[in-house]
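Computed from a predicted model, the values in this text were never measured in an experiment. Scope of the values below: all heavy atoms of this structure, side chains included, with no hydrogens, waters or symmetry mates.
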Amino acid sequence: MIKKNCLTAREEELLNILWEINEPLTAGEMAERLEPQGWNEITLFKTVRKLSDMSYLKVVGLEKCAKSYARKFVPALTKAEYYTEIMMRRGLDSSSIANITAAFLGLSDKSEKERDAEIIAKLEEIIAALRKAGEREDGC
């Protein structure tokens with residue numbers, strides 16, 4: 001995979017839109033949907049080609065358009081995977097989970113003891129939800 005440290009704002013914007021839409025689209029379909037948001041076809045097609053070349057987009061099918069076929073694209077990674085990759089490149093790792101959770105929960109103004117208690121409660125809530133989802137998948 002050819003990936004660089006960071007995407008441009010426009011490249012990241014397109015990925016965010018595709019994550020939100022959550023369905024395979026041709027570049028033409030993207031152009032139609034994104035025109036009201038100020039995207040022109042040339043910029044869109046260049047951005048799609050660049051993201052595809054860098055392996056941020058993958059082809060998941062073809063769609064017949066008149067006498068030819070158009071490729072259908074989806075993001076090659078999830079939004080969480082993309083932003084995790086950025087954080088890791090900037091020096092954050094699994095040892096940072098508590099601090100990241102505190103930042104997400106807006107706990108910076110709490111005492112360390114209160115902050116830790118709320119982080120533990122949130123992580124226990126996440127673990128319980130994951131266990132429950134796993135039980136449903138196993139049919140238990």
Side-chain angles (χ1 to χ4, degrees):
M1 233 182 243
I2 305 168
K3 292 199 178 168
K4 57 184 182 178
N5 286 339
C6 259
L7 297 176
T8 66
R10 202 63 157 163
E11 293 162 349
E12 197 169 303
E13 180 183 357
L14 180 57
L15 278 178
N16 275 304
I17 290 165
L18 292 174
W19 285 317
E20 185 179 309
I21 292 171
N22 196 30
E23 66 182 75
L25 297 175
T26 65
E29 291 170 332
M30 288 179 218
E32 286 176 21
R33 289 184 181 211
L34 300 176
E35 186 180 8
Q37 297 175 15
W39 284 78
N40 66 48
E41 280 188 8
I42 294 170
T43 301
L44 179 98
F45 291 141
K46 286 181 179 181
T47 305
V48 168
R49 184 179 66 235
K50 192 171 179 187
L51 288 171
S52 183
D53 289 347
M54 293 187 307
S55 299
Y56 281 100
L57 292 180
K58 65 181 176 182
V59 177
V60 293
L62 297 171
E63 181 175 290
K64 189 165 183 166
C65 296
K67 294 182 180 183
S68 63
Y69 288 88
R71 296 174 294 168
K72 294 190 85 82
F73 295 95
V74 295
L77 67 171
T78 66
K79 189 174 190 175
E81 289 168 336
Y82 171 70
Y83 286 106
T84 299
E85 190 176 289
I86 289 173
M87 288 189 300
M88 289 172 64
R89 282 190 192 137
R90 294 191 175 157
L92 296 173
D93 58 21
S94 61
S95 67
S96 305
I97 289 173
N99 291 329
I100 291 168
T101 304
F104 273 121
L105 297 175
L107 302 174
S108 58
D109 60 338
K110 304 267 183 169
S111 72
E112 188 173 342
K113 186 176 181 178
E114 289 175 307
R115 185 190 75 138
D116 290 349
E118 288 191 44
I119 291 169
I120 290 167
K122 184 63 176 178
L123 293 175
E124 286 175 339
E125 183 182 309
I126 292 168
I127 291 166
L130 290 171
R131 281 194 177 125
K132 188 173 183 180
E135 289 171 0
R136 280 193 304 261
E137 288 176 8
D138 292 341
C140 296

Novice: Should Glu85 and Leu77 count as side-chain neighbours, where that means a heavy-atom distance under 4.5 Å?
Specialist: yes
Novice: Specify whether Tyr56 and Tyr82 have parallel, tilted or perpendicular ring planes, treating 30° as the upper limit for parallel and 60° as the lower limit for perpendicular.
Specialist: perpendicular
Novice: Looking only at the side chains, is there a donor atom on one of Glu12 and Tyr83 sitting less than 3.5 Å from an acceptor on the other?
Specialist: yes
Novice: Quick one: does Phe104's side chain get under 4.5 Å of Lys122's, heavy atoms only?
Specialist: no
Novice: Determine whether a donor-acceptor pair (N or O, by modelled atom type, separation under 3.5 Å) exists between the side chain of Ser96 and the backbone of Asn99.
Specialist: no
Novice: Answer whether the closest heavy-atom distance between the side chains of Glu13 and Thr47 falls below 4.5 Å.
Specialist: no
Novice: Hydrophobic side-chain clustering at under 4.5 Å (ILVMFWY, transitive links): who's grouped with Ile42? Put none if nobody.
Specialist: none
Novice: Using side-chain heavy atoms (C-beta onward) and a distance below 4.5 Å, is Asn22 in contact with Val74?
Specialist: no
Novice: Asp93 vs Met88, test: side-chain contact (heavy atoms from CB on, under 4.5 Å). Steps then yes/no.
Specialist: CA-CA 6 Å; Asp93 58 21; Met88 289 172 64; 5.6 Å; no
Novice: Out of Ile17, Asn16, Leu18, which residue meets the side chain to side chain contact (heavy atoms under 4.5 Å, CB included) rule with Pro75?
Specialist: Leu18
Novice: Would you please say whether a donor-acceptor pair under 3.5 Å links the side chains of Thr43 and Asn40?
Specialist: yes
Novice: Do Arg71 and Leu62 have side chains that approach each other closer than 4.5 Å (heavy atoms only, starting at C-beta)?
Specialist: yes
